[in-house]
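Given the structure is predicted, the values throughout are model-derived calculations rather than measurements. Throughout, a chain's letter reflects where its sequence line sits, starting with A, and its residues are numbered from 1.
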Amino acid sequence: MNQQIRVRFAPSPTGFLHIGGARTALFNWLFARHYKGVFVLRIEDTDRNRSTDEYMNLIIQDMKWLGLDWDEGPFRQTDRFDIYRDYANRLIQAGKAYYCCCTTEELERKRQLAIAAGLPMKYDGKCRDLKKPPSNIPAAIRFKMPKEGQTIVNDLVKGCVIFDNSQIEDLVIVRSDGTPTYNFVVVVDDIDMNISHIIRGDDHLNNTPKQIHIYEAFSSKMPQFAHLPMILGHDKSRLSKRHGATSVLAYKDMGYLPEAIVNYLARLGWSHGDQEIFTKDEMVNFFSIENIGKSAAVFNPEKLLWLNSHYIIRSDSERLAELVIPFLINKGIIESDKDIDLKWLSKAINLLKERAKTLDELANSLNYFIADSIEIDPKIAQKFLMPQSIKYLIELKNALLSLDDFSSASIEKIFNTLAESYSLKLGAIAQPVRVAITGGTASPGIYELIEIIGREKTIDRLSKVIEQKIT
RNA sequence: GGUCCCAUCGUCUAGAGGCCUAGGACAUAGCCCUCUCAAGGCUAAGACACGGGUUCGAAUCCCGUUGGGACUACCA
């Protein structure tokens, strides 16, 4: 391809950036980066009732968080109304569009009639041959679609798709209030921004023939189309709030890493042989539209969770320490980021990261590292803190108190000596200690755990248990 | 209703007519490792929607059926 590759992602700011949108953005980004092309971000906010600046900013923030950087934009369609007006006028002057003064009520009535009669609900073209525009009533502008023939969409993903022009109605391109509509502005913008490849969800496939005619009306170079299959919920219906978290932001808040989401999304509809784990560079290198599947994919949160734990395990503990702080604050485990020694926190995370699937889980298990005092579930206490276990706890406490080198290696020696002297399995001592120190039965290795929690807290927690059980 | 798209394990997918006794991954189960929980390793179970063609040969090509999805706005 010698022509400059230019693609765009065009979200409408009527909600959060959702999983499907993020994947569309990712595929466009991947395509642009692979071919060293240009990635444009365009905000489609022509629906003024539903679009908000808050959503727009959130979408931009999420794109950045995912690492999907763009080269041009963000452009806002509401800033470009003059351009659309100009394009619409050109169509009117060329006789390729016309004013329509049918009322919404009239249109709705005809639509109901058509449904009742089992006919296609198509605009009947009443105003198509109107000689001059009505001056007193507000009129919309409709595009004149061809009535006969066929339109072929040569889609890079779906292949050749043929539409009968008789199915296509004269669509409204400018509303009676003067604002332009979606199917018109996308085309105008894509022409104006010189977009070479349109990669979007296949819910737009049926719009494509209409858009092709608009391109033709402007004698514009036709872009290539690539329609991505949809992402579905577990019940195979369109992914929506009913299926749980669907926004990128929600996953961020649940403690997912951006690279996990990106990797997961990349494998939803695209593949490179059997490979599951990709660095961003690999994705960019390997990405190709040819390897995009045609069928819809069910969103599988379990696999995303697996990828997240994969990336957490392999992340630097220092990085995780920074990322987990908001979660710690949120849970009230720390007051502010000044309350915590990052180096120490990284050491604790080093022990915990292969056990946490999300940053949220990581923060939860960090609680017994940080808290002044911990709670022990009475049931667990009853099972593990038996009188004979208390005896070991006392001995351990004394040994720990007189330990010069408070390291996991030395601590391990204490445990081994203790186990040997009572001819016990390690677990018989380790489990009661674990319960006393963490309040639960699952934790990282006990020696490392004690080392990082430190002498003071360890002794304190052991003492508390011992006191309680003796009295 | 009309138009369009889609169809391999529960899920994501590999598969470009013989390399397929259909491969990998998530999830599930078992085993190993082990101070617990994880992580890791090994193993198991699990799919070509159905029916017709084409072909010496079909998961792969064609047609139909069924099932799912999208669109059908003065929403995007």
> side chain to side chain donor-acceptor pair (under 3.5 Å) with A:Glu448: which residues, sequence neighbours excluded?
Replying inline: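 A:Glu448 satisfies side chain to side chain donor-acceptor pair (under 3.5 Å) with no other residue.
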
> If we take the C1' atom in both B:G17 and B:C48, what is their distance in whole Å?
Replying inline: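 Result for the C1' pair: 15 Å, nearest Å.
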
>> Once side-chain contact (heavy atoms from CB on, under 4.5 Å) is applied, do any residues pair with A:Arg90, and if so which ones, sequence neighbours excluded?
In response: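 side-chain contact (heavy atoms from CB on, under 4.5 Å) list for A:Arg90, sorted by chain: A:Asp86, A:Tyr87, A:Phe218.
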
Quick one: label [X] by what it contacts on the DNA or RNA (base, sugar-phosphate, nothing), any heavy atom closer than 4.0 Å.
X: A:Thr46; value: sugar-phosphate
X: A:Asp177; value: nothing
X: A:His204; value: base
X: A:Arg111; value: sugar-phosphate
X: A:Pro444; value: base

[X]: ring pair (Phe, Tyr, Trp, His ring centres under 6.0 Å) partners, not counting sequence neighbours:
X: A:Tyr311; result: none
X: A:Tyr55; result: A:Phe16
X: A:Tyr392; result: A:Tyr422
X: A:His310; result: none

Would you mind telling me which of [options] lies closest to the side-chain atoms of [X]?
X: A:Glu169; options: B:A73, B:U36, B:C6; answer: B:A73
X: A:Val172; options: B:U36, B:C74, B:C4; answer: B:C74
X: A:Tyr182; options: B:A76, B:A70, B:U36; answer: B:A76

> Would you say the side chain of A:Arg434 and the base of B:C35 hold a donor-acceptor pair, judged only by whether the two atoms sit under 3.5 Å apart?
Replying inline: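 Such a pair exists between side chain and base.
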
> Pairs in or reaching into residues 228-249 of chain A: which pass ring-ring contact (aromatic ring centres under 6.0 Å, His included), with residues at least two apart or in two chains?
Replying inline: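 Non-adjacent pairs meeting ring-ring contact (aromatic ring centres under 6.0 Å, His included): A:His234-A:His243.
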
> According to the ring-ring contact (aromatic ring centres under 6.0 Å, His included) rule, which pairs have a member within residues 155-187 of chain A, sequence neighbours left out?
Replying inline: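 The answer is A:Tyr182-A:His204.
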
> Is there a residue in residues 421-430 of chain A whose heavy atoms reach under 4.0 Å of RNA chain B, and which residues are they?
Replying inline: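 Within residues 421-430 of chain A, the residues near RNA chain B are A:Leu426, A:Gly427, A:Ala430.
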
> When every nucleotide of nucleotides 9-33 of chain B is labelled 5' to 3' by its protein contacts under 4.0 Å (heavy atoms), B for base, S for sugar-phosphate only, - for none, what sequence of letters results?
Replying inline: --SBSS--------BBSS-------

Polar atom pairs between nucleotides 44-48 of chain B and protein, under 3.5 Å, N or O only, would you list them?
none

Side-chain atoms of residues 138-156 of chain A: list all donor-acceptor pairs with protein atoms under 3.5 Å, sequence neighbours left out, distances to 0.1 Å.
from     : atom 1 : to       : atom 2 : distance (Å)
A:Arg142 : NH1    : A:Asp170 : O      : 2.8
A:Lys144 : NZ     : A:Gly95  : O      : 3.4
A:Thr151 : OG1    : A:Asn165 : OD1    : 2.4
A:Thr151 : OG1    : A:His213 : NE2    : 3.0
A:Asp155 : OD1    : A:His227 : N      : 3.2
A:Asp155 : OD1    : A:His227 : ND1    : 2.6
A:Asp155 : OD2    : A:Val157 : N      : 2.8
A:Asp155 : OD2    : A:Lys158 : N      : 2.8
A:Asp155 : OD2    : A:His227 : N      : 3.2

> Just to confirm, is there a sub-4.0 Å distance from OP1 or OP2 of B:C5 to any side-chain nitrogen or oxygen of A:Arg238?
Replying inline: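 For B:C5, OP1/OP2 do not have a side-chain N/O of A:Arg238 under 4.0 Å.
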
> Can you tell me the Watson-Crick or wobble partner of B:C4, both distances under 3.5 angstrom?
Replying inline: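 Check on B:C4: paired to B:G69, both distances under 3.5 Å.
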
